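Okay, so here's the structure we're looking at.
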Number of protein chains: 2
Amino acid sequence: MFNETRTHEITVDTVILTMFDDELKVLLIKRHNEPFKDKWAIPGGYVRMSENLDQAAERVLKEKTGVDNVFLEQLYTFGDPLRHPTSRVITCAYFALVRANDVQVFSDPDVAWHNVNDLPPLAFDHKQIIEYSKKGTRERLEVCPVAYQLLNEKFTLTEMQKAYELIMGKQLDKRNFRKKVLCAEGLIELNEFSKFTSKRPARLYTFDKINLDSLRGHFIMSNKEKVC
Amino acid sequence: MFNETRTHEITVDTVILTMFDDELKVLLIKRHNEPFKDKWAIPGGYVRMSENLDQAAERVLKEKTGVDNVFLEQLYTFGDPLRHPTSRVITCAYFALVRANDVQVFSDPDVAWHNVNDLPPLAFDHKQIIEYSKKGTRERLEVCPVAYQLLNEKFTLTEMQKAYELIMGKQLDKRNFRKKVLCAEGLIELNEFSKFTSKRPARLYTFDKINLDSLRGHFIMSNKEKVC
DNA sequence: TAAGTTTAGTGTATTATAAACAATTTTAAA
DNA sequence: TTTAAAATTGTTTATAATACACTAAACTTA
């Protein structure tokens with residue numbers, strides 16, 4: 001069935017996640033061409049000869065959202081011979097966490113955010129890739145406070161808890177959550193309050209970006225809270 | 001510098017780890033051809049058109065060690081344009097844990113086990129790949145008792161602790177270690193004792209393979225013991 | 001302007017897990 | 001039989017996780 005040659009096509013596909021309307025959203029693009037015409041797909045593209053895989057993923061992310069300098073990490077490489085119906089394409093999947101406000105609003109109705117837990121029919125193995133990225137985000141959150149990547153620069157603790165809850169897929173106790181994050185390094189309490197909430201304003205916090213490298217090991221979701 | 005075409009060569013490279021002489025060992029092959037002639041390299045090969053990446057890694061492992069049905073997991077994909085000096089080769093790296101006794105003894109002096117912490121000059125980016133695999137093995141051990149993959153079918157708790165210590169890169173307390181593993185699921189106490197030790201014989205244990213799938217989440221090294 | 005509604009914010013007691021720590025037992029070898 | 005090496009075993013302390021409910025502040029509306 002296959003001609004056992006040595007070359008394949010290699011792409012990067014990027015699962016771009018953000019948070020709004022109390023949902024984790026993934027950016028999808030509706031395909032205009034075969035294969036999988038009219039199905040939705042995560043953004044991707046061929047790896048160029050002069051760039052490494054991280055650079056290819058950054059380029060795709062920048063092209064589709066206009067953002068860079070955000071959390072972007074290699075997830076897994078998918079290489080099933082039949083994942084592409086007409087050619088042999090191996091794809092290195094990345095996942096990115098971006099702030100909804102940073103993304104350029106696109107008027108194209110064929111580029112849209114979808115709830116990661118309520119996906120339309122997807123092209124290729126992209127459903128599997130998105131499922132992997134949900135798991136990867138959760139595992140990443142267990143060792144590193146990546147959830148702040150989804151939040152605005154200034155955020156309330158309620159917003160932060162919501163991000164944790166969406167990624168972990170479970171509700172957290174408000175008092176225990178605040179106790180844990182308030183004693184963690186890197187979180188800075190501001191003397192500002194959210195103005196746009198309709199009820200009691202909430203204190204705003206921000207992250208000390210300079211110390212983010214040292215945060216590995218902090219903000220750990222406990223073993224018991226792990227979704228195994 | 002580069003012709004931005006769409007095809008690259010893709011290989012799998014496999015970090016094969018085992019344990020003997022109280023050391024974690026990695027299987028290396030001395031290269032006979034350029035590039036990197038006479039440097040050591042981890043076993044690898046081109047991905048065939050008809051196989052997926054897991055199958056390619058299994059094939060390479062089987063060819064080099066004669067073993068299959070062992071722990072073998074995708075690690076990371078390395079795609080720096082300059083990682084291969086003369087062509088554009090993207091490699092999907094895997095890591096495997098095997099029992100030293102299961103591996104066919106090879107008489108070829110250019111195939112040898114090396115201490116992972118004392119490596120000879122390596123070809124390509126293989127030093128980086130091996131470092132990644134040490135980290136990957138440690139992280140895997142934190143959520144799953146993969147260390148048993150390095151042990152014989154019947155093993156003593158001292159041997160098991162040694163495997164944990166080598167992977168974690170630190171010494172563990174004997175009493176706390178035994179307390180933790182003895183109350184974990186899947187470990188079966190045998191009425192047999194090691195005969196080849198020169199002093200007091202140690203009780204042998206084995207793993208309940210049937211229940212291994214349910215072991216995720218057990219045998220967790222605590223957060224405090226994590227090497228971050 | 002008072003009452004009602006919504007969200008923000010806070011502390012303690014209990015339980016579970018991890019960590020520190022040393023003496024005794026068993027066998028083979030001398 | 002004495003000695004040496006490795007195996008085996010429990011308790012105490014410290015830390016972390018969990019469960020749990022009321023008050024405070026601001027806006028809305030009657």
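As the structure is a computational prediction, the values presented were derived from the model and not from experiment.
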Given the side-chain rings of A:Y164 and A:F177, with only the six-membered ring counted for Trp, is the space between their centroids under 6.0 Å?
yes
Report yes if a donor N or O on one partner sits less than 3.5 Å from an acceptor N or O on the other, where the partners are the side chain of [X] and the base of [N]; otherwise report no.
X	N	answer
B:K179	C:dT17	no
B:R200	D:dA5	no
B:K174	D:dT8	yes

Specify the separation, in whole Å, of atom [atom1] of [X] and atom [atom2] of [N].
X	N	atom1	atom2	value
A:E189	C:dG9	CD	P	9 Å
B:D173	C:dT17	CG	P	18 Å
B:R175	D:dA6	CZ	C1'	15 Å
B:F193	C:dT25	CZ	P	17 Å
B:K180	C:dA16	NZ	P	17 Å
B:L172	C:dA20	CG	P	11 Å
A:E159	C:dA8	CD	P	9 Å
B:K199	D:dT3	NZ	P	14 Å

With sequence neighbours left out, write down each residue that passes side chain to side chain contact (heavy atoms under 4.5 Å, CB included) with [X], or none if nothing qualifies.
X	value
A:D110	A:K30, A:H32, A:D108
A:K62	A:D68
B:D80	A:N52, B:L82, B:R83
A:A202	A:T156, A:S194

Global bending angle along the helix from C:dT1-D:dA30 to C:dA30-D:dT1, which compares the axes of five pairs at either end, to 10 degrees
0°
What I want to find out is whether A:E159 reaches A:K162 closely enough, with some N-O distance under 4.0 Å, to be called a salt bridge.
no
Taking side-chain hydrogen bond (donor to acceptor under 3.5 Å, both in side chains) as the definition, give me every residue that meets it alongside B:K154, ordered by chain and number, with sequence neighbours left out.
B:E192
Please determine, for the side chain of B:N176, which listed nucleotide (C:dT27, D:dT8, C:dC21) has the closest atom?
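When the side chain of B:N176 is considered, C:dC21 is the closest of C:dT27, D:dT8, C:dC21.
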Taking only the side-chain nitrogens and oxygens of B:R178, find out if one of them lies under 4.0 Å from OP1 or OP2 of D:dT8.
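For D:dT8, OP1/OP2 do have a side-chain N/O of B:R178 under 4.0 Å.
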Within the structure shown, what part of the strands sits under 4.0 Å from A:T158 by heavy-atom distance: base, sugar-phosphate, or nothing?
sugar-phosphate
